[in-house]
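Worksheet: the structure to be examined is printed underneath.
These numbers come from the heavy atoms of this one structure, side chains and all, not from hydrogens, waters or symmetry mates. By convention here, the first residue in the shown sequence is residue 1. Note that the structure is predicted; figures quoted are calculated from it, not measured.
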Amino acid sequence: MRCWAFALGLALAGTSCGRRARENLPAIPPADSQAVAVARAVADSVGDELWELLRAAMDRGGPALAIRFCADSAQQRTLRHWRAGVYVRRVSDRVRNVDDTPDAIERQLLERLAAAHRAGRLPAEVVEVVRGADGSYQLQYLRPILVEPRCLPCHGDPETFSPDVRQALAQRYPEDRATGYAVGDLRGAISVRVALGGPR
């Protein structure tokens, strides 16, 4: 009887300590509207600008020139936001450029988007509050990128690619995994992080 009472006391003490530990944790800040607005504006800017520049490259020199544009210029376009303190890039589970490889948080959210897409319930955006490696709270924003007909000359069935596209991909992206898509497939997402200034 005394052993049972002692064990029960230990269990209750552990529960109480666990509750106090949780209560002492700093509260997760909300995804405030200002941070969400910043993330949306950055995603708009990056998405619209890159599409326009890709379209212009396609018009000037076809898909092969668009591939070279992506290799030489697209990553640089996002650095302007990085210099302003906003993390932004395109991520995918099937990368062409290794710089687009998702981190653990982005991979988890991409998997959630993929599941929603398979179920026919793909959201227009995902907004989460996450904690960075330095302990600060950040707003993590993802906007899905869907494959459009204009994507297929570079991202569709490789058997249909023109010789200059095959050559450009072999030269720039020898480890390319971003082919075999069809219209409407989930290509990846624009990922934006905005600091919330939470406790460290």
Interatomic spacing from [atom1] in [X] to [atom2] in [Y] - rounded to 0.5 Å:
| X | Y | atom1 | atom2 | value |
| --- | --- | --- | --- | --- |
| T101 | R107 | OG1 | CZ | 7.5 Å |
| D100 | R187 | CG | CZ | 7.5 Å |
| S92 | L110 | OG | CG | 7.0 Å |
| L146 | C151 | CG | SG | 9.0 Å |
| R193 | Q138 | CZ | CD | 6.0 Å |
| E175 | L169 | CD | CG | 12.5 Å |

Practice problem: Please check if atom CD in E148 has more than 12 non-hydrogen atoms from other residues, nucleotides or ligands closer than 6.0 Å. | Solution: yes
[X] side chain to [Y] main-chain N or O, any donor-acceptor pair under 3.5 Å?
| X | Y | result |
| --- | --- | --- |
| D176 | Y173 | no |
| Q171 | A168 | no |
| N97 | D99 | yes |
| H155 | A178 | yes |

Exercise. Give the cluster check for I145 versus L122: same hydrophobic cluster or not, with ILVMFWY residues linked at side-chain heavy-atom distances below 4.5 Å.
Key: no
Practice problem: Mind running side chain to side chain contact (heavy atoms under 4.5 Å, CB included) on R112 and E128 for me, showing each step along the way? | Solution: CA-CA 12 Å; R112 188 190 304 175; E128 297 276 343; 2.6 Å; yes
Quiz item: Quick one: does NZ or CZ of R166 land under 6.0 Å from the six-membered ring centre of F161, within 45 degrees of the ring axis?
Solution: no
Practice problem: Identify whether the distance between the nearest side-chain nitrogen and carboxylate oxygen of D93 and R177 falls below 4.0 Å. | Solution: no
Practice problem: Go through R96 and T179 one step at a time and tell me if the side chain to side chain contact (heavy atoms under 4.5 Å, CB included) criterion holds. | Solution: CA-CA 9 Å; R96 172 158 288 173; T179 62; 3.6 Å; yes
